[in-house]
Amino acid sequence: MSEERKSADFFSECQSLFPGGVNSPVRSWRSVGGEPFIVERGEGPYLFDLDNNRYIEYLNSWGPLVLGHAPSAVIEAVTQQLAKGWSYGAPAVPEFLLGKEIQRFVPALEMMRFTSSGTEAVMHAVRVARGFTGRQKIVKFEGCYHGASDPLLAKAGSGVATLGLPDCAGVLPAVVADTLTVPFNDLAAVEAIFDAYPNEIAMLVLEPVIGNSGYIPPRPGFLEGLRTLTRRDGALLCFDEVMTGFRVSLTSAQGLFGVTPDLMTFGKVIGGGFPVGLYGGRKDVMNVVAPLGPVYQAGTLSGNPAGMAAGLATLAEWTKPGVFDKTAEATSNLVQGLMERAKRFNIPFTAGNSGTMFGFFFQDGPVYSYEDAKRSDVARFKKFFYSMLERGVYLAPSQFEAGFVSAAHTGDVIEATLEAAHESFKQL
Ligand code: KE4
């Protein structure tokens with residue numbers, strides 16, 4: 001490997017092994033052009049690449065790492081578990097403990113099932129909703145991403161939006177024929193769908209705060225309206241909290257906005273960066289899940305003790321008094337600071353955050369939907385992305401992703417980020 005640019009050499013080798021050289025499309029930097037650096041290690045708020053460049057990073061593994069990289073409490077907890085074995089394929093105490101801890105903050109999670117990814121969690125929630133209601137149709141929102149399962153890859157966000165894919169090849173029309181899509185924050189459109197398909201909709205699923213079209217919060221009354229419309233029709237309301245769970249508040253989006261769904265999915269934070277997903281909600285709904293009921297779902301590594309130990313240790317630290325609030329304040333300071341600096345240079349820019357999850361668009365906004373988000377100046381985003389990277393700040397490599405702040409992003413780290421942003425805006 002040549003000394004001057006190890007990342008480039010290594011990445012070219014990766015491309016012979018993985019499609020696009022990556023194990024998940026958004027990591028390829030296709031939407032910003034260029035090639036990703038190769039990570040050598042993570043420490044707190046930093047990533048280091050093979051060329052020993054240090055970056056203040058705002059992906060946090062796309063959300064899970066609320067404590068930053070390699071927190072000692074998680075290392076210690078997982079190490080202790082490893083010494084006892086890390087996968088039994090049998091009921092064990094750690095899964096019970098993590099389930100009860102999550103339920104403590106999300107009481108509507110009356111019954112749940114762990115999976116090994118967010119994709120699995122939402123995929124199974126769809127099947128459970130159809131099995132429970134006996135109905136077929138699913139409603140999702142344009143620009144929302146719910147993982148890479150067939151029924152939900154219709155007008156999806158994240159990598160599908162980032163790569164500008166028309167939808168997804170290989171997904172049979174018959175499989176998405178029962179997936180209806182509507183614009184986010186458009187209650188009238190949702191009401192029209194229910195009027196068009198009375199008693200046919202099994203579940204309406206959404207990211208209660210979108211992070212996969214960039215950051216888009218719900219307008220006041222939107223979530224409450226969805227709750228009313230679904231209850232009136234007998235459809236289940238599902239909050240996909242894989243990204244928002246324990247991110248936008250310790251009681252997740254449902255606690256932050258005071259709207260309780262029938263089903264919900266989690267991932268990311270609850271595993272602290274280990275492969276953990278979860279679906280669950282109303283007990284009467286979850287009673288249809290095998291072996292109790294006729295809806296089958298399974299997973300070799302579901303609830304594995306190593307992931308459970310990581311999740312428990314992560315939540316134990318994250319829910320300590322003041323930790324979340326301090327990180328949310330740091331996130332708000334970052335967002336305000338970015339907007340102030342963009343304004344100094346008269347750059348069309350809008351930004352926002354919900355708790356420790358944030359995002360920004362290169363446009364004046366407001367951004368209420370994916371259609372709004374698509375009006376952003378992506379060329380300017382690319383320039384900003386690389387200008388910040390050159391100054392040691394690594395943002396999500398796509399205009400259609402969100403950013404995440406960890407407890408390790410202390411005031412000096414935020415300040416350094418804003419200094420880099422000032423210089424970057426100056427050049428745009
Ligand atoms: P995973 O299968 O990637 O664990 O979770 C899928 C998923 C489900 N629901 C929501 C709201 C999500 O944000 C995700 C995954 N998020 C993307 C980031 N936009 C993961 C990054 C990636 O695809 O590599």
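A quick note: this is a predicted structure, and the numbers were derived from the prediction, not measured. Indexing begins at 1, ligand by ligand and atom by atom, following the structure's order.
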Nearest-contact summary for [atom] - protein heavy atom, Å:
| atom | answer |
| --- | --- |
| atom 7 (C) of ligand 1 | G147 N, 3.7 Å |
| atom 17 (C) of ligand 1 | K268 NZ, 3.6 Å |
| atom 10 (C) of ligand 1 | Y145 O, 3.3 Å |
| atom 13 (O) of ligand 1 | N212 ND2, 3.0 Å |
| atom 21 (C) of ligand 1 | W62 CG, 3.7 Å |
| atom 9 (N) of ligand 1 | D240 OD2, 2.7 Å |
| atom 22 (C) of ligand 1 | S24 OG, 3.3 Å |

May I ask you to check if ligand 1 and [X] share an N or O to N or O distance below 3.5 Å?
| X | result |
| --- | --- |
| T119 | yes |
| G118 | yes |
| E207 | no |

Cation-pi geometry met for [X] and [Y] (6.0 Å, 45°):
| X | Y | value |
| --- | --- | --- |
| R41 | F48 | yes |
| R219 | Y368 | yes |
| R113 | Y279 | no |

### Query
So, N304 versus S87: side-chain donor-acceptor pair below 3.5 Å or not?
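Per modelled atom types, N304 and S87 side chains form no pair under 3.5 Å.
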
### Message
Within the 3.5 Å criterion, strictly below it, is a donor on E207 or N212 matched to an acceptor on the partner's side chain?
### Response
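Note: E207 and N212 side chains meet the donor-acceptor criterion.
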
### Query
Which one holds for E401 and ligand 1: side chain close, backbone close, both close, or neither close, with close meaning a heavy atom under 4.0 Å?
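Under 4.0 Å from ligand 1, E401 contributes side-chain atoms alone.
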
### Query
Where does H146 meet ligand 1, judged by heavy-atom distances below 4.0 Å: at the side chain, the backbone, both, or neither?
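It is the backbone that touches ligand 1; the side chain stays farther off.
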
### Message
Once rounded to the nearest 0.5 Å, what's the spacing between atom OG of S369 and atom CG of D186?
### Response
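If I round to the nearest 0.5 Å, the distance is 8.5 Å.
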
### Presence of salt bridge, R227 and D262, under 4.0 angstrom
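R227 and D262: salt-bridged.
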
### Message
Any salt bridge linking D233 with R135? Criterion: basic side-chain nitrogen under 4.0 Å from a carboxylate oxygen.
### Response
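Answer for the salt bridge query: yes.
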
### Query
Is there at least one protein heavy-atom neighbour under 4.0 Å from atom 24 (O) of ligand 1?
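At least one protein heavy atom is under 4.0 Å away.
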
### Message
Between ligand 1 and E120, can you find any atom pair, the residue atom being a heavy atom, that is separated by under 4.0 Å?
### Response
no

#### Entry: Geometric class of the F384/F425 ring pair [parallel <30°, tilted 30-60°, perpendicular >60°]
parallel

### Task
For S117, take its heavy atoms, then give the atoms of ligand 1 lying under 4.0 Å from any of them.
2 (O), 4 (O)

### Query
Yes or no on salt bridge (Lys or Arg N to Asp or Glu O under 4.0 Å) for D364 and R375, after CA distance, side-chain angles and deciding distance?
CA-CA 10 Å; D364 284 326; R375 285 193 280 274; over 6 Å; no

